[in-house]
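Inspection log for the structure reproduced underneath, given as structure tokens.
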Amino acid sequence: MKILSLLFMFLTLPYSIDRAYAVSVSVSVSVSSEIDHLIAYVTASDCSFIRNGSVHPTSEAVEHMKKKYQYFKKKINSAEQFIELSASKSTMSGKPYFIKCPGAKQKQSRIWLLEELHHYRQNK
């Protein structure tokens, strides 16, 4: 009986590994597409980003987020983690980032990006 159990495990192991890899890859692709969307959303916005009291255009905000994303990439497994680690607060000072869009009140970038992520997921 032990031999049959071992044989079954041996024969089904490649299927289990392939299936686990496929799930892992699909999660990564999904997370990547959400992060890409958020970066494109910031790029296309006509908003100003406030980091540590200094106002920055979207081009600088995107460049900064991408640098932080590359630094934290191994710790990021979701779009929410991307927002938290790369786009919501200063790593040095701990101060939150803010966004100011024309005709709207200033708000924390974390909230603004989470709202867009929610909207993106609803409309997929």
Side-chain angles (χ1 to χ4, degrees):
M1 196 57 154
K2 283 185 180 182
I3 293 174
L4 286 177
S5 293
L6 288 172
L7 182 60
F8 177 77
M9 280 179 35
F10 180 74
L11 292 174
T12 60
L13 183 61
Y15 172 74
S16 299
I17 291 171
D18 287 345
R19 190 165 175 217
Y21 176 75
V23 168
S24 166
V25 168
S26 95
V27 167
S28 296
V29 168
S30 174
V31 169
S32 271
S33 69
E34 290 177 344
I35 291 170
D36 289 345
H37 170 76
L38 291 172
I39 291 170
Y41 180 69
V42 172
T43 301
S45 76
D46 191 25
C47 303
S48 298
F49 288 78
I50 300 123
R51 236 179 39 237
N52 292 318
S54 298
V55 178
H56 301 273
T58 55
S59 59
E60 289 178 18
V62 167
E63 184 180 323
H64 185 72
M65 282 190 288
K66 286 180 177 181
K67 282 181 185 176
K68 287 184 77 173
Y69 179 45
Q70 288 306 311
Y71 181 80
F72 287 113
K73 202 168 195 169
K74 289 187 185 337
K75 294 181 179 184
I76 295 174
N77 297 309
S78 68
E80 289 85 357
Q81 286 176 326
F82 164 76
I83 292 168
E84 188 62 33
L85 294 172
S86 303
S88 66
K89 66 182 176 188
S90 169
T91 307
M92 302 295 272
S93 71
K95 292 180 182 178
Y97 298 158
F98 291 91
I99 179 119
K100 176 67 174 106
C101 298
K105 289 185 176 185
Q106 177 176 302
K107 64 168 67 175
Q108 287 189 12
S109 63
R110 182 180 65 79
I111 294 167
W112 186 71
L113 288 167
L114 286 171
E115 288 170 351
E116 176 54 27
L117 179 60
H118 176 74
H119 182 264
Y120 176 74
R121 287 175 174 166
Q122 293 293 314
N123 295 310
K124 262 185 170 178

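On a predicted model such as this, the values are computed, not experimentally measured, just so you know.
Closest non-hydrogen pair, Leu38 versus Ala79, comes out as CD1-CB, 4.3 Å. Residues Ser109 and Ala87 come closest through the heavy atom pair OG-O, 2.6 Å.
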Less than 3.5 Å apart, which donor and acceptor atoms pair up between the side chains of residues 96-107 and the rest of the protein, not counting sequence neighbours?
residue: Tyr97; atom: OH; partner: His64; partner atom: NE2; Å: 2.9
residue: Tyr97; atom: OH; partner: Lys68; partner atom: NZ; Å: 3.2
residue: Tyr97; atom: OH; partner: Lys89; partner atom: O; Å: 3.3
residue: Lys100; atom: NZ; partner: Ala104; partner atom: O; Å: 2.3
residue: Lys107; atom: NZ; partner: Glu115; partner atom: OE1; Å: 2.8
residue: Lys107; atom: NZ; partner: Glu115; partner atom: OE2; Å: 3.3

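When the side chains of ILVMFWY residues are joined at heavy-atom separations under 4.5 Å, either directly or via intervening members, Ile83 and Val62 end up in a single hydrophobic cluster. Leu85 is not connected to Ile111 by any chain of hydrophobic side-chain contacts under 4.5 Å among Ile, Leu, Val, Met, Phe, Trp and Tyr, and they are in different clusters.
The line from CE of Met65 to OG of Ser88 is 11.0 Å long, rounded to the nearest 0.5 Å. Taking OH of Tyr69 as the start and CD1 of Ile35 as the end, the distance is 3.5 Å to the nearest 0.5 Å. Within the model, atoms CD1 of Ile39 and OG of Ser86 stand 8.0 Å from one another, a figure rounded to the nearest 0.5 Å. For the atom pair Gln108 CD and Leu113 CG, the distance stands at 11.0 Å (nearest 0.5 Å).
Formation of a donor-acceptor pair under 3.5 Å by the Ser48 side chain with backbone atoms of Val55 is not found in this model. Ser45 places a side-chain N or O within donor-acceptor distance of the main-chain N or O of Val42, the cut-off being under 3.5 Å.
Annotation: side chain of Ser30 is in contact with side chain of Lys124 (closest heavy-atom distance under 4.5 Å). The side-chain heavy atoms of Leu117 and Tyr41, taken from C-beta on, include no pair separated by under 4.5 Å. Contact annotation: the side chain of Phe72 approaches that of Thr91 to within less than 4.5 Å [non-hydrogen atoms, C-beta and beyond]. The shortest side-chain heavy-atom distance between Glu80 and Glu84 does not fall under the 4.5 Å cut-off.
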Let's go through Val31 and Asn77 carefully: what are the C-alpha distance in whole Å and the side-chain angles of both, what is the deciding distance for side chain to side chain contact (heavy atoms under 4.5 Å, CB included) to 0.1 Å, and is it a yes or a no?
CA-CA 7 Å; Val31 169; Asn77 297 309; over 6 Å; no
Side chain to side chain contact (heavy atoms under 4.5 Å, CB included) assessment of Lys73 paired with Gln70
CA-CA 5 Å; Lys73 202 168 195 169; Gln70 288 306 311; 3.7 Å; yes
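In this view, Asn52 and Ser90, Ser93, Lys95 satisfy the side chain to side chain contact (heavy atoms under 4.5 Å, CB included) rule, not counting sequence neighbours.
Clustering of Ile, Leu, Val, Met, Phe, Trp and Tyr side chains at separations under 4.5 Å leaves Tyr120 isolated, with no partner residue.
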